Structure formats: C-alpha cells, structure tokens
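Notes follow the structure.
Lettering of chains follows the sequences in order, A, B, ..., and the numbering in each one begins at 1. Here the structure is a predicted model, which means the values were calculated and not measured.
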Amino acid sequence: MNIEDLIIKGLSTAIEQLYSASADVEVKIEKTKPIFEGDYTFVVFPLVRRSGKSPELTAEELGREVIKTSPEISHYNVIKGFLNLSVAPSYWAEILHNYNAQNNFPQKEEKVMVEYSSPNTNKPLHLGHIRNILMGYSISEIMKAAGYPVVKANLINDRGVHICKSMLAWQRFGNGETPESSGIKGDHLVGKYYVVFESKLQEQTSDTVALALEGNWNCNDEIVQKRYIDTLEKLRSSKDDKQSSKYKGDIKDLVRNQSELMKSCQEMLRLWEAKDTEVLELWSTMNSWVYQGFNRTYERLGVNFDAMYYESNTYLLGKDIVKEGLSSGVFFKKEDGSVWIDLTAEGLDEKLVQRGDGTSVYITQDMGTADLKFQDHGIQRSVYVVGNEQDYHFKVLFHIMEKLGRSYAKGMYHASYGMVDLPSGKMKSREGTVVDADDLLQEMYDTAKAKTEELGKTDGMSETELHELYHRLSIAALKFFILKVDPRKRMLFNPEESIDFQGDTGPFVMYTYTRIKSILRSANYSGESSKTNLTLHPTEMSCIKVLSEFPSVVSNAAEEYNPAAVCQYVLDLAKAYNKVYNEVSILKETDTDLRSMRLHLASQTAQILQRGLQLIGIETVERM
RNA sequence: GGUUCCGUAGCUCAGCUGGAUAGAGCAACUGCCUUCUAAGCAGUAGGUCACAGGUUCGAAUCCUGUCGGGGUCACCA
C-alpha cells in the first residue's frame with residue numbers, strides 16, 4: 001500500500017473512532033503546500049458538522065488520534081481548519097528501501113487500439129500532424145505502462161479526388177520526375193505536384209471565377225447553373241463577412257468543378273474506382289513514394305504502428321451497416337433515397353449517413369471501419385487521436401454505434417486535441433505558412449548540435465555518438481515542448497524562436513539523468529539497496545515523495561489520455577533530484593550506509609526519469 | 001445565429017473531481033563552478049486568475065450571463 005492510502009486509512013480509522021462518522025465523509029488528502037510544514041494535508045471543514053466542534057479543535061483532536069493509530073506519521077500541526085501531517089523521516093527511508101522503479105502494473109484484460117497519425121497521401125507531414133503523432137504514440141505507451149495491451153493503428157487516407165490531383169498533375173507536368181531522379185523525398189515530391197495542380201487550376205479558372213462572382217457566368221449544366229444562381233442570390237443578400245465568404249467559396253468551387261482540369265480529375269477517380277490498370281499503377285507508384293517519405297519521418301520521430309489500415313480497402317465498408325440500420329429502424333430514408341439518422345433527441349441534428357445515389361460519405365466508412373477494427377483485433381476500447389475540429393463528427397459516430405447496439409460503443413473515445421497556431425494565426429497551406437515536419441526536425445537537429453558544441457562537454461565522443469546525441473536532444477526538445485501542454489488546448493508555436501533546451505524542457509530532464517549516471521559510473525554502483533535507519537536530508541525526503549507518486553501519475557495519465565501529466569511529473573522529479581544533487585554529495589560521503597542509500601536513491605530516480613521520458617517518446621543518453 | 005472548447009505574470013504554460021498567502025519556465029536583475037556534468041542550484045522582481053453576478057464556511061476551479069478568441073453546424077474528408 002502506498003503512503004497516501006496508508007494515511008487515508010489512518011485518518012478513516014481515527015475519524016471512525018472519534019465521531020463514528022464512517023461512510024458519510026469521504027476522506028481526501030492533498031499534498032501540503034510548500035509554505036506550510038508537513039507532507040499531506042487533511043481539510044477538516046466537511047467534518048465539523050459531525051464533530052460539533054470548531055475546525056481548529058476538530059483538527060487538533062484528529063491529529064492527536066491519528067498520530068496514535070498511524071506509525072508512519074510522526075507529527076502534525078493545525079492551521080485554521082487544516083491538519084498538516086508529517087511523515088516520519090524513518091518512513092521515507094523505508095519507502096526508499098522498498099522502492100523498485102521497475103515495478104509494473106498488473107496486465108489488464110481490456111485490449112485497446114489507439115489510432116493516430118492517419119495522414120493523407122497527397123502532402124508531406126506538417127507541425128499539426130506532429131502533435132497528433134506524438135500524442136498518439138505517447139498515449140499508447142502510457143496505456144501500455146498502465147497494463148493495457150495496445151494496438152497502435154494508422155488509418156491512411158490514400159484515395160479520393162485530392163489524391164488524384166497530385167497524380168494528374170504529375171502525369172501532365174511531371175516529365176517522369178521521381179524521388180531518385182530529383183533527389184526529393186517522396187512525400188515532398190508528391191506534395192509538390194499537389195501544389196502544381198492547385199496553381200494550374202487557379203490559372204485556368206481565376207478569370208471565370210471573377211466573372212461568376214459578378215454574376216456573369218453561364219454553365220451548360222442546368223443543375224449547376226441553378227445552384228449557381230441560388231448561391232449568387234444568397235451571396236447578394238448575405239449580411240456578414242463570414243457568410244458571404246462561404247458563398248463566394250461555394251461559387252468558386254462550382255466554377256472550378258466545371259474546369260477541364262477538375263473534370264479530368266473526377267474522371268481519374270472514376271477510373272480508379274473502376275480499377276483501371278494504368279491509373280492504379282500510377283496510384284500505387286506515387287503512394288509508394290509517399291510511404292517511403294512518411295516512414296523516414298516516422299522513424300526520425302521514433303514512432304511506429306502495429307496495424308495499418310488503408311481507405312482504399314475500407315472506403316466501401318459501412319454500406320451493410322446502413323442496411324442493417326435501416327431494417328432496425330435506427331436510420332431512415334428520405335424521398336431522394338438518402339439515408340439519415342435523427343439525433344435530435346441527443347441534442348444533435350439529423351445526420352446523413354449515405355448519399356442519395358447510394359455512395360458513402362465519411363461517416364459511412366467510419367462506421368464500417370469501427371466494426372472492422374473490433375473484429376480484427378478483439379479490442380474492447382478504441383481511441384481516436386484526432387483534432388478537435390472533428391469533435392462533432394465523433395460525437396455523432398459514437399451515438400450511431402451505440403444506437404446500432406454495438407457492444408464496444410462505450411469503449412470508443414475521441415482523444416481530441418487543439419490546433420497548433422503560429423504567431424500569425426492558423427497554419428494555412430494556401431498561404432504557405434505550414435511548418436513542414438522534416439524542415440522542423442532538421443532545424444531542431446541543427447540547434448541541438450549548436451548548443452552542444454557551445455557547451456563543449458563531448459570530448460572523446462565519436463561521430464556516430466555525437467549524431468545520436470544531437471538527434472535525441474532535438475527530438476526530446478520538440479516532443480517535450482509539444483506534449484507538455486494540455487492536449488485540449490490549442491498551442492502556440494513560434495518558428496522564429498527556437499525551442500529551448502533550458503528550463504522546463506526535455507533536455508533538462510535528460511540532463512538530470514546523465515548527471516546521475518555519471519555519478520553511478522564514478523561510484524561503480526552495482527545495485528546495492530539502502531538501509532532504513534538513516535537520517536535523510538530534507539531534499540532527499542521530498543525526492544522520495546515524488547518517486548512514490550509515479551504509479552498514480554501513470555494510471556491517471558492513462559485514464560485521462562494525457563501525456564502532459566507525465567511531462568509535468570518528470571519535471572517535478574528532475575527538479576526534486578537536482579536539489580538533492582546540489583545539497584548532498586555522494587562520492588565524498590564516507591559513511592558507507594549513507595553512501596549506498598544515496599546511490600540507491602540516485603539510481604531509482606534515474607530509472608523513473610528514464611521510464612517517464614520513455615512514456616513521452618524520449619530516449620535518454622549517458623553523456624551530454 | 002445554434003452549439004462547443006478556450007481566456008491565469010511581458011511571453012509560453014501548470015494548477016480546474018471546490019480548500020490556506022495562485023505556481024513553473026523563458027525574458028530582466030543578484031549570487032553559487034580549485035567541490036559527483038552550471039543544459040544546474042539559490043534568490044529579487046513581475047497577478048483585480050477576461051468581466052459581472054450566484055452557490056458555499058471557502059471559488060482560478062462549480063452555475064448563469066456578458067465580452068474576446070478558436071472549432072463546428074456540407075449529399076467534403
């Protein structure tokens with residue numbers, strides 16, 4: 001039993017004894033604030049009604065009692081209604097003595113899938129993807145540490161009009177360029193042709209769009225023409241900027257969709273769906289370039305996957321579920337043949353689940369893929385790491401699966417996270433303000449190299465060792481910077497200012513680790529444990545306290561899908577140990593018992609730092 | 001407009017299942033390397049927790065409203 005539970009138990013017993021108020025008061029303790037004396041605090045206000053005495057008296061009485069029943073508490077003090085309890089110094093020594101940093105959680109039955117990354121194959125990865133990837137990987141590692149069997153999954157969007165855009169542009173303007181011939185990383189090469197497509201389209205249509213916005217456009221297609229006129233009217237009568245820019249966008253799309261380029265693109269998609277050999281061949285060639293590129297980025301980021309899903313395989317799924325839902329009455333059909341679900345009772349709207357022409361929409365696939373995932377891997381829980389722009393979509397999806405009676409529906413969870421903003425606002429690919437993942441990684445690497453050389457502590461390290469060091473430092477700085485902020489919140493990233501290597505950063509935690517390792521090497525430490533009847537320095541006691549919190553931090557982080565909690569913890573531990581480092585010496589200690597106790601503390605701390613960092617995807621180094 | 005998330009130090013962020021005098025880091029200033037790695041430690045300065053009400057012994061935290069910002073409300077994905 002850990003120290004907090006012990007204290008709670010002691011308090012409960014004491015409360016029972018004094019006031020026979022057993023179950024109706026929940027006994028909660030919290031960490032005592034540093035400005036007051038003590039380790040844990042019990043707030044007695046809720047108890048005052050039972051005791052019939054003033055808060056001070058109640059706290060006093062309870063303090064006296066608890067000290068009798070709980071040997072691990074040595075003394076207490078009362079300030080107003082706060083009972084501050086101090087853990088006996090000898091007890092900290094005992095906790096350290098029994099501490100095992102390699103203890104694991106018992107393996108759980110419930111199998112979990114974490115889906116993350118899920119890129120489109122028409123563009124290289126950018127900073128927004130990085131937040132997703134880092135979160136998904138870290139959540140997976142945290143859940144594993146908490147005892148869950150985890151399947152890391154990547155659902156790749158490898159089909160659709162947007163993919164055909166790159167293909168068509170390459171076909172027409174590529175002159176057979178390949179990653180090999182150009183030396184351009186595959187995903188970037190494909191991304192280049194996506195941009196080519198967009199600019200050619202812009203070229204071909206800008207005049208017509210301008211005319212159309214003035215009301216001077218005639219389309220041969222009657223239906224399109226009608227929609228154009230309708231939208232034009234709405235545009236003219238719209239009152240605010242937001243609305244009118246939406247209608248302007250609609251008109252632009254109408255015009256663009258009639259362009260030769262877009263029509264060819266649609267045609268290419270039709271051929272793809274009809275399994276045209278030539279198109280399929282181009283498609284698989286260009287996708288393979290993208291995967292080569294993505295894999296290099298994934299590898300550099302140190303992430304991986306256990307299961308790959310491709311939308312080219314899953315995009316037709318879900319139609320059976322639509323039928324099923326229709327016959328069970330969960331869905332209903334409108335006159336035009338489109339299929340809907342009514343979620344107004346849940347406070348949502350009616351939602352389309354299949355188009356009038358019988359083709360799928362996004363959510364149709366998602367329903368099918370949900371079934372597939374559960375069938376494939378026998379999972380009980382499915383976590384989707386997807387940005388908060390899709391909050392509504394997942395709310396709907398989960399309601400649907402629930403209504404369809406899927407047993408796994410309650411195990412579906414959307415790990416939603418905020419967008420990454422630049423000082424100028426949102427990243428926009430149109431305006432070229434996206435921060436490219438590979439560029440960013442390279443900049444981080446260069447910064448890590450420069451900082452390390454500036455400090456000049458790497459004498460005797462080989463080229464490969466140095467490279468590995470710069471790599472790990474850069475990844476640590478980036479991961480920590482991104483993961484330490486609460487996932488729900490949007491975060492600001494300033495590419496002008498390089499990410500810090502000092503203060504609350506990944507390298508700082510790594511540094512604490514390497515200093516410990518340096519001591520352990522000098523002392524030839526070989527794992528001896530510590531005795532219990534020793535006088536600990538106050539900094540050592542606080543460090544042990546932090547160590548004792550590791551298991552609850554991991555299980556909370558897993559429960560909340562929150563890597564930031566681990567970042568915060570690992571910082572606390574590093575800070576706590578740095579204080580020890582500054583206050584007490586190990587190598588100069590002549591008392592052998594004290595020396596081994598300190599070595600044991602150092603070693604346990606290093607191991608927990610390493611494990612904690614590993615949960616956020618950061619690898620330690622022995623020297624830096 | 002409906003709905004949803006957010007607003008804490010100059011900047012980036014903790015704290016939010018209600019508890020004491022709201023914490024870190026960066027930036028600024030001051031100390032500490034003949035002493036286990038100074039990517040460190042100690043200290044100074046910096047706040048009407050957006051605003052207004054309410055619930056409570058007690059509110060940054062819960063409720064309501066206002067203001068400000070983002071998302072979303074597609075037969076797009």
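Backbone-only contact: Asp486(A) has heavy atoms under 4.0 Å from sugar-phosphate atoms and none from a base. No contact: Gly160(A) has no heavy atom under 4.0 Å from any strand.
Across the protein-nucleic acid pair, Phe480(A) atom CZ and A24(B) atom C1' stand 11 Å apart, rounded to whole Å. Atom CG of Leu47(A) is separated from atom C1' of G58(B) by 16 Å (rounded to the nearest Å). For Leu254(A) and A74(B), the CG to P distance is 16 Å, given to the nearest whole Å. Rounded to an integer number of Å, the gap from Asp572(A) CG to G25(B) P is 11 Å. Whole-Å rounding puts the Asn122(A) CG to C76(B) P distance at 18 Å. Rounded to an integer number of Å, the gap from CG of Asp500(A) to P of C13(B) is 13 Å. Summarising the geometry, the separation between CD on Glu389(A) and P on G70(B) is reported as 15 Å, rounded to the nearest angstrom. Rounded to a whole Å, the CD atom of Gln365(A) is 12 Å from the P atom of C76(B).
Separating the P atom of A24(B) from that of G40(B) is a span of 16 Å, rounded to the nearest Å. The separation of U44(B) from U37(B), taken at their P atoms, amounts to 29 Å, rounded to a whole angstrom. A gap of 23 Å separates the P atoms of U8(B) and A45(B), to the nearest Å. Remark: the separation of the P atoms in G54(B) and U17(B) is 23 Å, to the nearest Å. Only the P atoms considered, G65(B) is 11 Å distant from G2(B), to the nearest whole Å. Straight-line distance between the C1' atoms of U3(B) and U48(B): roughly 32 Å, to the nearest whole Å. Rounded to whole Å, the P atom of G25(B) lies 23 Å from the corresponding atom of U21(B). Spacing of C1' atoms, A50(B) relative to G68(B), comes out at 8 Å, to the nearest Å.
For the segment residues 341-354 of chain A, residues with any heavy atom less than 4.0 angstrom from an atom of RNA chain B are, sorted by number, Asp349(A), Leu352(A).
Judged as a side chain to side chain donor-acceptor pair (under 3.5 Å), the pairs with a partner in residues 27-36 of chain A (not counting sequence neighbours) are, in order, Thr32(A)-Thr41(A). Among residue pairs with one or both ends in residues 569-589 of chain A, those qualifying as ring pair (Phe, Tyr, Trp, His ring centres under 6.0 Å) are Phe550(A)-Tyr569(A); sequence neighbours excluded. Within the structure, salt bridge (Lys or Arg N to Asp or Glu O under 4.0 Å) contacts touching residues 154-166 of chain A (residues at least two apart or in different chains) are Arg159(A)-Glu273(A), Lys165(A)-Glu198(A).
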Between the protein and nucleotides 18-20 of chain B, which nitrogen or oxygen pairs are less than 3.5 angstrom apart?
from, atom 1, to, atom 2, distance (Å)
A20(B), OP2, Lys33(A), NZ, 3.0
A20(B), N6, Thr41(A), OG1, 2.8
A20(B), N6, Asn84(A), OD1, 2.9
A20(B), N1, Asn84(A), OD1, 3.2
A20(B), N1, Asn84(A), ND2, 3.2

Just the atom pairs and distances: protein N or O near nucleotides 4-8 of chain B's N or O, under 3.5 Å.
from, atom 1, to, atom 2, distance (Å)
C6(B), OP1, Arg488(A), NH1, 3.4
G7(B), OP1, Lys489(A), NZ, 3.3

So which protein nitrogen or oxygen atoms get under 3.5 Å of nucleotides 9-11 of chain B's nitrogens or oxygens?
none

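The closest side-chain donor-acceptor pair between Lys449(A) and Tyr445(A), if any, does not fall under 3.5 angstrom. Of the N and O atoms on the side chains of Asp250(A) and Thr231(A), not one donor lies less than 3.5 Å from an acceptor on the other residue. Tyr309(A) and Glu115(A) share no side-chain donor-acceptor pair at under 3.5 Å. Side chains of Asn578(A) and Thr512(A): a donor on one and an acceptor on the other come within 3.5 Å. A side-chain donor from one of His393(A) and Asp366(A) sits under 3.5 Å from a side-chain acceptor of the other. Between Tyr362(A) and Gln390(A), the side chains place a donor N or O and an acceptor N or O closer than 3.5 Å (distance only, hydrogens not considered).
A search for side-chain contact (heavy atoms from CB on, under 4.5 Å) contacts involving Leu492(A) returns Asp421(A), not counting sequence neighbours. Every residue was checked against the salt bridge (Lys or Arg N to Asp or Glu O under 4.0 Å) condition with Arg131(A), not counting sequence neighbours, and none meets it.
Taking 4.0 Å as the cut-off between side-chain N and carboxylate O, Glu622(A) and Arg521(A) count as a salt-bridged pair. A salt bridge links Asp230(A) with Lys226(A): the closest approach of a Lys/Arg side-chain nitrogen to an acidic carboxylate oxygen falls below 4.0 angstrom.
For the pair Lys333(A) and Trp340(A), the cation-pi test (distance below 6.0 Å, angle within 45°) is failed.
In this structure, His162(A) has its ring center no closer than 6.0 Å to that of Tyr194(A). The distance between the ring centers of Trp283(A) and Tyr310(A) does not fall below 6.0 angstrom. In this structure, Phe394(A) has its ring center closer than 6.0 angstrom to the ring center of Tyr384(A).
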Next on the checklist: For a side chain to side chain donor-acceptor pair (under 3.5 Å) check, start with the C-alpha distance between Gln568(A) and Lys484(A), then their side-chain angles and the critical distance, and finish with the verdict.
Outcome noted: CA-CA 7 Å; Gln568(A) 224 58 50; Lys484(A) 79 163 195 249; over 6 Å; no
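Between Leu134(A) and the options Ile616(A), Ile475(A), Ile482(A), a side chain to side chain contact (heavy atoms under 4.5 Å, CB included) holds for only Ile482(A).
With a cut-off of 3.5 Å on both pairing distances, the Watson-Crick and G-U wobble pairs of RNA chain B assemble into stems of 3 or more at B:1-7 with B:67-73, B:10-13 with B:23-26, B:28-32 with B:40-44, B:50-54 with B:62-66.
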Under 3.5 Å, which donor-acceptor pairs do the side chains of residues 555-564 of chain A form with other protein atoms, sequence neighbours left out?
from, atom 1, to, atom 2, distance (Å)
Ser555(A), OG, Pro551(A), O, 3.4
Ser555(A), OG, Ser552(A), O, 3.3
Asn556(A), ND2, Ser552(A), O, 3.3
Tyr561(A), OH, Arg381(A), NH1, 2.7
Asn562(A), OD1, Ala564(A), N, 3.0

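C5(B): glycosidic angle beyond 90° from 0, hence anti.
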Checklist outcome for this item: Nucleotide by nucleotide, nucleotides 31-43 of chain B touches protein heavy atoms under 4.0 Å in the pattern (B base, S sugar-phosphate only, - none) ----SBBSBSSS-
